[in-house]
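Read through the structure below, which is laid out as structure tokens, and then see the notes.
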Amino acid sequence: MTDTLRTPPPAAAGQHRRPFTLDPGRWEAERSRALRTGHVRDHTCTAECEPVLVYERTRWGWLAWTVPGDGTPPEQPHQIGVLTPTASRMQRLSLRWLTRHSAQRLALAPTIPGSLRLSAAAVALVSLLAGLFAMGHGVPVDVVLPGMVLAPILAEHLPGQLDARAREHVRSVEGDGACRYLQRLAALHTSLGQAAAGGDRYELRRAAEIGRHALWDAAGLLQTQDTRSASADLIARERLMVQLADQVAQRTYTEDGPADADQRGWHERPLGPYPPGFEQTAQPASRRTPGTTPLKGFHPMPETQPDHAGHAADVYLLFAHEPYHPGPGAQEINTTLVAAATLLHPRVRQPDGAQIHDCLTQGRHPGEIIPLATLTHELNGGADWPTVGDWESVTSDLLQLVREGECDALSLGLPEIPRALICTGPHSHVRTYDAAANEFISYGPAERAAVLAEVDTFLACLVAEQEFWPGEGLLPPLCKRV
């Protein structure tokens with residue numbers, strides 16, 4: 001008897017992109033309540049506004065969404081909370097307490113700042129009536145009066161104390177960058193949890209357990225650091241989650257035979273959207289026969305410090321970025337390749353772009369593809385980036401040019417492991433965990449070279465017909481170093 005899932009759960013990519021993905025009617029009900037009782041987010045909002053939050057509870061925590069005034073569902077949570085993986089029953093109940101509807105408050109007199117909980121006002125009224133009734137039946141005033149005073153005070157301040165106690169077992173993050181990152185990890189973990197709930201195999205339960213701890217650890221990092229300073233640790237956890245989700249998908253979406261019998265490994269899958277008119281007919285780079293020369297552009301040689309002998313022409317920059325969809329129904333784009341000369345575009349942050357162009361073209365081979373991570377490796381592991389330029393602003397400007405059609409580019413939707421490989425240095429390794437075998441798998445320089453060779457296969461089909469257009473009005477490059 002097999003416990004293979006007959007109907008696969010929704011893809012991880014679709015989880016948590018919108019509020020209540022599996023129950024759209026719940027979002028409409030919560031939105032209607034927010035419109036009646038709270039402040040929704042619209043063009044009139046300021047930094048001081050406190051819009052009402054709609055909490056979507058999950059097995060691992062919650063996502064808190066704002067309610068846009070235009071009626072569209074939000075794309076990113078305002079807050080994400082993660083419950084400790086070892087939560088007791090009482091701690092799980094505290095999660096429901098933290099995600100209760102916001103308390104309604106009554107404004108005090110115009111001359112008195114602050115507000116009072118509606119529940120505290122109700123308790124004050126009830127305690128007053130109860131106290132008067134008790135005194136009317138002979139209960140001493142010195143017994144009744146303390147209770148009348150303490151009851152509304154407790155109703156006002158006790159919920160805050162309970163909140164603080166409950167939050168000891170929860171890690172919550174806010175802010176665009178942190179929430180966007182944790183939203184991706186949450187989607188991956190949800191897919192692991194759905195697979196584990198649909199079967200009783202040990203490897204599925206173990207993958208979900210490991211994913212839960214990775215999500216908890218990532219929330220802890222984002223609580224104390226920003227995404228940039230914690231990027232190395234965050235990337236390591238995302239790699240682990242991606243590999244777990246990939247393995248679980250291979251083992252649960254197959255009805256007959258071995259789970260991976262008809263599944264292609266990452267090196268056999270398309271890298272993403274093909275260039276116009278291009279069909280993949282060549283073998284994947286990792287399966288070329290010995291002696292086969294890669295196509296123009298990529299050179300499978302050790303990536304070392306450039307010799308500064310001169311500037312090479314037709315060099316290309318390959319960089320990963322936040323995923324986006326170029327149009328309805330289009331495949332996700334998460335990696336982009338542009339000509340090095342595009343770094344000299346006037347709409348790119350300068351002189352940063354020109355200085356990165358100088359580093360990119362020094363001592364290269366014509367047609368070479370240089371990942372941004374290779375530059376980081378060459379710049380003393382990233383320590384020398386401040387002396388060269390702001391690579392984050394430059395790549396953001398490059399991506400904006402690409403999306404507006406102001407230069408030619410090769411836009412790719414890389415699978416998770418190839419994308420992780422090009423985001424690491426030329427001598428680094430990406431380690432993933434195989435839950436079924438209970439062992440780690442390491443991908444290194446050879447697999448990274450195979451990814452670059454396959455990217456070059458796509459690139460060669462484009463440049464064979466027409467060279468990349470770097471854009472108009474390019475600035476002159478920096479003078480050759482001596």
field: For Asp384, side chain to side chain donor-acceptor pair (under 3.5 Å) partners two or more places apart
entry: none
query: For Thr342, what residues pass the side chain to side chain donor-acceptor pair (under 3.5 Å) criterion, not counting sequence neighbours?
result: none
- request: Would you please name every residue forming a side chain to side chain contact (heavy atoms under 4.5 Å, CB included) with Arg180, sequence neighbours left out?
  value: Gln76, Asp176, Arg184, Glu322
Under the side chain to side chain contact (heavy atoms under 4.5 Å, CB included) test, residues paired with Ala218 that sit two or more places apart: Leu182, Leu185, Leu234, Arg237
- line: Applying side chain to side chain donor-acceptor pair (under 3.5 Å) to Thr72 and not counting sequence neighbours gives Asp70
query: In chain order, what residues pass the ring-ring contact (aromatic ring centres under 6.0 Å, His included) check against His213, with sequence neighbours excluded?
result: none
task: Sequence neighbours left out, what passes ring-ring contact (aromatic ring centres under 6.0 Å, His included) with Phe468? Give chain and number order.
output: Tyr316
message: Minimum heavy-atom separation for Pro77 and Leu63, please, with both atom names.
response: CG-CD2, 3.6 Å
Contacts of type salt bridge (Lys or Arg N to Asp or Glu O under 4.0 Å), residue Glu28, not counting sequence neighbours: none
- prompt: By salt bridge (Lys or Arg N to Asp or Glu O under 4.0 Å), which residues pair with Asp397, not counting sequence neighbours?
  reply: none
query: What pairs with His321 under side chain to side chain contact (heavy atoms under 4.5 Å, CB included), at least two apart in sequence or on another chain?
result: Phe319, Tyr324, Ile333, Thr336, Leu399
field: Residues in side chain to side chain donor-acceptor pair (under 3.5 Å) contact with Glu404, at least two apart in sequence or another chain
entry: Arg347, Gln400
query: With sequence neighbours left out, what residues match Ser428 under side chain to side chain contact (heavy atoms under 4.5 Å, CB included)?
result: Thr424
